[in-house]
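What follows is one structure encoded as C-alpha cells, with my remarks underneath.
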Amino acid sequence: MISLVLVGAAGRMGRAVEEAARAAGDFELRALVDRAPLPPAGPPAPGRAALWTDDARAVIRGRDVVIEFSSPESCRGIAALCAERGASLVSGTSGLSAEDENVLRAAARKVPVLRASNFSLGVAALHRALESALKALPRGWDVEIIERHHRKKADSPSGTALSLASLALAARGLPAGALRHGREGRVGERPTDEIGVHAVRGGSWVGDHAVLIAGEGEWIELRHVAQDRGAFAAGALAAARFVARAGPGLYTLSDVLRG
Ligand code: NAD
C-alpha cells in the first residue's frame, strides 16, 4: 500500500484524486490537507473528518507520497517540506514561476518529484501529434493555440497551452518572444514567425486545448477535450505509483509512460 497525503483536498482536483485513490485499492489515505474547512459535500467515506487538517507540517513524513493540486505558494512550501521529511512529491499546480520551479528542482535533489502541467494520457498524445504535424509541414503554416477552461481557473494561459506553445517554438526554432497572447486593435498582417495563444474562460469547462495549423486553403485542428477530472486523477495516481519506487530526481509524465 502506498501511504498518500493529498494537498488541496477541498479543491476540484483534490476531490477527484481522493475519489480515484479510494477506488484504486493500493493507496492508504493518510491525510487530507487544505486551508479550507472540510467541505460538507465530498466523496462519501467514513472517517474523512479525522484525516482533515490545515497543517501539512504535522502530517507529512518519510515514505509518504504527497500529491498536490493547490496553489503556487502551497506547492513551494510542500516541495521544501517533502525534501526535509524524505517524502515523494507529485505536483500538478499550474502557473508556477521560475522561482517556484527552482524550489521543485532543489527538492528533487533529495527526493523523487514528478511535475506535470497536465496528467491526462490524451494530452501526452496531443504533444506527440503536434510534434509530428509540425515536422511534416512547411514553416508557412500558422500555429494558433486556443484553450478553454472554467471561469474559476486562476492562471492564464493554462500550463498545458504553454507547454504546447513551447513545443511549437522549439519545432520552429523560435524564441519565447514569438508567442502572441491574444490580439487587439490594428495589429496588421500576421507574421509567419508567431505562435498565437488564446485563453477562453467561462462556465464549467474542465479543459479544452486546440492547436490550429493553418495553410493556404486548408487547415488542421488537433484537439483534446477533458470531460472529467477523473482523467487527470488517474494520471496523478500512476505518477504516485512511479515516485513511490523512484530515487531522487525530477520526473515528468513521459517517465511514467515509459514505465
Ligand atoms: P481549486 O481552487 O478547486 O482547489 C485548490 C485547493 O487548494 C483549494 O481547496 C485551496 O483551499 C487549496 N489551497 C490553495 N493554497 C493552499 C495553501 N497554501 N494551503 C492549503 N491549501 C491550499 O483548484 P483546482 O481546479 O483543484 O486546481 C488546482 C491546481 O491544479 C491549479 O493550479 C490548476 O490549474 C491545476 N490543475 C492541474 C491539472 C494537471 O493535470 N496538472 C489538472 C487540473 C488542474
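Every number for a ligand or one of its atoms is a count from 1 in the order of the listing. Below, all heavy atoms of this structure are taken into account, side chains as well, without hydrogens, waters or symmetry copies. The first residue of the sequence shown is numbered 1, and numbering continues consecutively from there.
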Query - Neighbour list for ligand 1 [protein residues, heavy atom under 4.0 Å] - result: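 Ligand 1 is contacted, at a heavy-atom distance under 4.0 Å, by G8, A10, G11, R12, M13, D34, R35, F69, S70, S71, S74, G92, T93, S94, A116, S117, N118, F119, K153, D155, F232.
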Query raised in the report: Does any non-hydrogen side-chain atom of H181 lie less than 4.5 Å from one of H198?
Result: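 Sidechains of H181 and H198: no contact.
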Query - Output field: ring centroids H149/H209 closer than 6.0 Å - result: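 Yes, close enough.
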Query raised in the report: Around atom CZ of R183, are there more than 12 heavy atoms of other residues, nucleotides or ligands at under 6.0 Å?
Result: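 Yes, enclosed.
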Requested in this report: Decide if atom CZ of R190 counts as having more than 12 heavy atoms of other residues, nucleotides or ligands within a radius under 6.0 Å.
Outcome: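 It does: R190 CZ has more than 12 such atoms within range.
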Requested in this report: Give a yes-or-no answer on whether the side chains of S97 and E99 include a donor-acceptor pair shorter than 3.5 Å.
Outcome: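 Short answer, no.
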Query raised in the report: Are T93 and E68 close enough that a side-chain donor and a side-chain acceptor fall under 3.5 Å?
Result: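 Per modelled atom types, T93 and E68 side chains form a pair under 3.5 Å.
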